Amino acid sequence: MRERCNMELKIQDIKVSFGDKKVLKGVNLELSGEGLYAVVGVNGTGKSVLMKSLAGIQAYSGKTILTDGDEACPKKDIAYVPQATNLNSSLTAFEMVLLGKVKQLRLRVPDDVISEVYEVMDRLKIRNLENQKFASLSGGQKQLVIMAQALLSKPKLLLLDEPTSALDLYHQLNLLSLAGQYCKESGAMAIIIMHDLSQAARFCKKIAVLKDGKVFRFGKPKEVLTEQIIRDVFNVDAEIGCSGSGYTTVLPVAITT
Amino acid sequence: MSTGYRNLNRKRIFVIVLMAIVMILLIFADLFTGSSNMSVKEAIDILLDGPSNESKYHFILWAVRMPMTMTCLGVGASLALAGGQMQTILQNPLASPYTLGISSAAGFGAALSVVTGFPFIPISWINISVSALIFALGTSALIFTLCKRNADTKTMILIGIVVTFLFSALQSLMQYLASQEQLSEIMHWMFGSLSKASSQGAVVCIACFVFIFILSMGSTWQLTCLSAGEERAKSLGIDTERLRRKIYLCSSLLTAVSVSYVGSIGFIGLVAPHLARSYVGDDQRFLLVLSPIMGAIILLAASIVAKIMKPGEIIPVGIITNLVGVSFLLYLLLRKRL
Ligand SMILES: Nc1ncnc2c1ncn2[C@@H]1O[C@H](COP(=O)(O)OP(=O)(O)O)[C@@H](O)[C@H]1O
Ligand SMILES: [Mg+2]
């Protein structure tokens, strides 16, 4: 086992606009230490755009600095699982996962890489999909396959864009606890866009709330998930509670009038 | 260890070997078909004799049929490889040298040369090919720079259609201006015919194919990533811009050499990679090998059909591949799974 990493991510003044439309208006965030971080916010605030910027797919102004201890991390340490993947490829699910190891692949795929692929597919409970065409899978299955690809690449920063939105409860929990487990073992950090606030509180150590292209609040679930903030951001009245095991719970009750 | 993945790959290798055997059989079949009454046994004997001027049949087999067959092999493989690469890097199943307008550009280059003598090289067959080559490469470069600013693949295909319209208009102008003699020369070019095949041409074409094939094999896994989409490739850490540029240059060169040599033989670059993909999927380690084999098979088959359809005369192969290709294109469109 390699040494655990000691991750730090500084996001400084990220701005993205499309034509005249300013989507991100200066996002600042500092994350340090392993674990899951949630990003929440209403539809269209630019959560996905922020994540694409971090993944290096979206051009932006500003700075992101990802470090492991004293060392800056190269791009290959970042893995990104998008909200939706549409493509014309005839790759099978197995092959799609395999690409997570692309930097190490030669003409013949070594046996140990194949077993690694099966192992990660087993962990995500998608081994049964191995020979199906990726393009023919359902939205949730596609995301799980890309998630497997991401885990296979052993990233130090894992970016998950609404990984749970298209999944049933069982796979939601499985995915989130796997992500948590992976981070715990390796010291990596994962940034996850979610809509379920209770779930965010259950799995994430900190939550960033995005509003109007900026970070509205960032902090521990208890600090961020208050009735006032949820009303300000989502226009929803919610009852905040505490579960038996000590997690913050959010029960949306009505639309704020 | 026997796993699903290994078994799948074993099946794919089996298909590739099978198709390679079919290709080799077709090479012989093509060598043995023709208008002179040479029997298969005689042909085999002459093949074993090696090239010489011993008899008329020796000459026919080694100096007439052999260059044509080798041209089928080289051109079919080149167009198929180029088409497959274009489909991958443009992420469009309809991309091919023909649909992007590169073939019609080359056709216009040839017509221009026939009518005006451009680019004024004293040796006539080189002159026409060079003109076609210039237009093919120029058009590829133009399409690429136009699409750099607007990388949308749909736009790219639309630009290809515009380019095709432009060059067929210019081509019509050339035909209008041409004398009767020049006209038949231009026609020959438009149809894409093997009658201009020469051993030098075949060697250049095959050498070019081999060179670019080896070059592409160096990027197989990166290309496989790209076949999974631009975004996926980028987030897997592939420098997609560079890969695109490199592969686009490769496929343009292959196309240009083929079409400047035998004229516009359409649809091989579209049909062959599709067939290959349906057998071995998008893993480029297999696709890059099977596409050229399928391309060669199609062109060899077309050549054999062209020779036996009208005894004593050779119908331009381009006509046959176009007929097959158009039906295939229609099938792809109707299937709606693009
Ligand atoms: N490529 C693009 N071109 C133009 N506008 C875009 C593009 N991507 C996102 N946007 C706009 O940016 C805003 C934020 O989008 P997104 O980040 O996807 O929202 P969400 O927070 O729901 O993930 C939306 O208004 C969307 O229309
Ligand atoms: Mg989104």
Side-chain angles (χ1 to χ4, degrees), chain A residues 51-52 54-58 74-82 84-115 117-118 121 127-136 142 145-146 149-150 152-153 155 159, chain B residues 1-9 11-13 84 87-88 90-95 151 153-154 214 217-240 243 273-289 332 337-338:
Chain A
M51 196 149 271
K52 282 183 192 162
L54 296 177
I57 289 166
Q58 171 69 52
K75 251 211 74 190
K76 73 168 177 54
D77 287 342
I78 304 175
Y80 165 60
V81 180
T85 316
N86 265 324
L87 45 100
N88 270 317
S89 167
S90 359
L91 291 175
T92 65
F94 182 97
E95 288 170 321
M96 201 67 180
V97 179
L98 179 67
L99 290 181
K101 282 266 184 232
V102 64
K103 290 284 151 73
Q104 295 153 49
L105 293 175
R106 297 289 169 268
L107 208 52
R108 190 186 151 80
V109 181
D111 282 338
D112 55 327
V113 173
I114 292 185
S115 354
V117 173
Y118 279 124
M121 288 182 89
R127 185 174 180 151
N128 55 326
L129 304 178
E130 65 165 315
N131 284 330
Q132 289 191 35
K133 291 263 161 70
F134 180 80
S136 72
K142 280 183 189 166
V145 169
I146 304 285
Q149 182 191 67
L152 191 71
S153 69
L159 302 168
Chain B
M1 188 174 67
S2 180
T3 61
Y5 180 61
R6 284 256 188 265
N7 289 338
L8 187 65
N9 285 349
K11 273 183 216 148
R12 289 166 170 173
I13 291 170
Q87 285 163 21
T88 302
L90 303 180
Q91 272 150 50
N92 194 310
L94 293 185
T153 54
K154 278 194 195 107
I214 292 171
M217 281 309 271
S219 318
T220 44
W221 283 110
Q222 279 141 297
L223 275 171
T224 307
C225 288
L226 197 53
S227 86
E230 170 88 17
E231 191 183 87
R232 207 75 311 266
K234 265 191 187 165
S235 51
L236 287 167
I238 309 286
D239 185 346
T240 52
L243 182 64
H274 268 280
L275 289 179
R277 201 175 287 114
S278 70
Y279 291 130
V280 296
D282 249 324
D283 185 335
Q284 307 281 320
R285 288 178 301 161
F286 304 109
L287 191 61
L288 286 182
V289 177
L332 280 184
R337 267 197 27 225
L338 292 181

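Numbered from 1 within each chain, the chains take letters A, B, ... in sequence-line order. Quick note: numbers below take in every heavy atom, side chains included, and nothing from hydrogens, waters or symmetry partners. The shown structure was predicted, so the numbers you read here are calculated from the model rather than taken from an experiment.
Proximity of A:Tyr80 to B:Glu231: side-chain heavy atoms (C-beta onward) are separated by under 4.5 Å at one or more points.
Partners of A:Glu130 by salt bridge (Lys or Arg N to Asp or Glu O under 4.0 Å), not counting sequence neighbours: none found. Residues satisfying the side-chain hydrogen bond (donor to acceptor under 3.5 Å, both in side chains) criterion with B:Gln222, sequence neighbours excluded, are absent altogether.
Proximity to chain B is limited to the side chain of A:Phe94, based on heavy atoms less than 4.5 angstrom apart. Contact of A:Lys76 with chain B is not made at all, since no heavy-atom distance falls under 4.5 Å. With a threshold of 4.5 angstrom between heavy atoms, A:Ile78 approaches chain B through N, CA, C or O but not through any side-chain atom. In this structure, chain B has a heavy atom under 4.5 Å from the side chain of A:Tyr118, while its backbone stays farther away. In this structure, no portion of A:Arg127 lies under 4.5 Å from any heavy atom of chain B. Looking at B:Leu236, the atoms closer than 4.5 Å to chain A (heavy atoms on both sides) sit in the backbone and in the side chain alike.
Counting heavy-atom pairs closer than 4.5 Å to chain B, the top residue among A:Lys133, A:Lys103, A:Glu95, A:Met96 is A:Glu95. The candidate with the highest count of non-hydrogen atom pairs below 4.5 Å against chain B, out of A:Ile146, A:Ile57, A:Leu105, is A:Leu105. Put simply, of A:Asn131, A:Val109, A:Leu159, A:Val117, the one with the most heavy-atom pairs under 4.5 Å next to chain B is A:Val109. Of the listed residues B:Ser278, B:Ala233, B:Cys225, the one with more heavy-atom pairs under 4.5 angstrom with chain A than any other is B:Cys225. Ranking B:Arg285, B:Arg232, B:Glu230 against chain A, the residue ahead of the rest is B:Arg232, based on heavy-atom pairs under 4.5 Å.
The number of heavy atoms from other shown groups lying within 6.0 Å of NZ (A:Lys75) is above 12.
A distance of 8.5 Å separates CD1 in B:Ile238 from CG in A:Leu99, rounded to the nearest 0.5 Å.
The shortest heavy-atom contact between B:Tyr5 and A:Leu98 is OH-CD2, 3.4 Å. Closest approach of B:Ser227 and A:Ser89 over heavy atoms only: O-CB, 3.2 Å. Contact record, A:Ser90 with B:Asp282: N-OD2, 2.8 Å, taken as the closest heavy-atom pair.
With B:Lys234 contributing its side chain and A:Ala55 its backbone, the two residues share no donor-acceptor pair below 3.5 Å.
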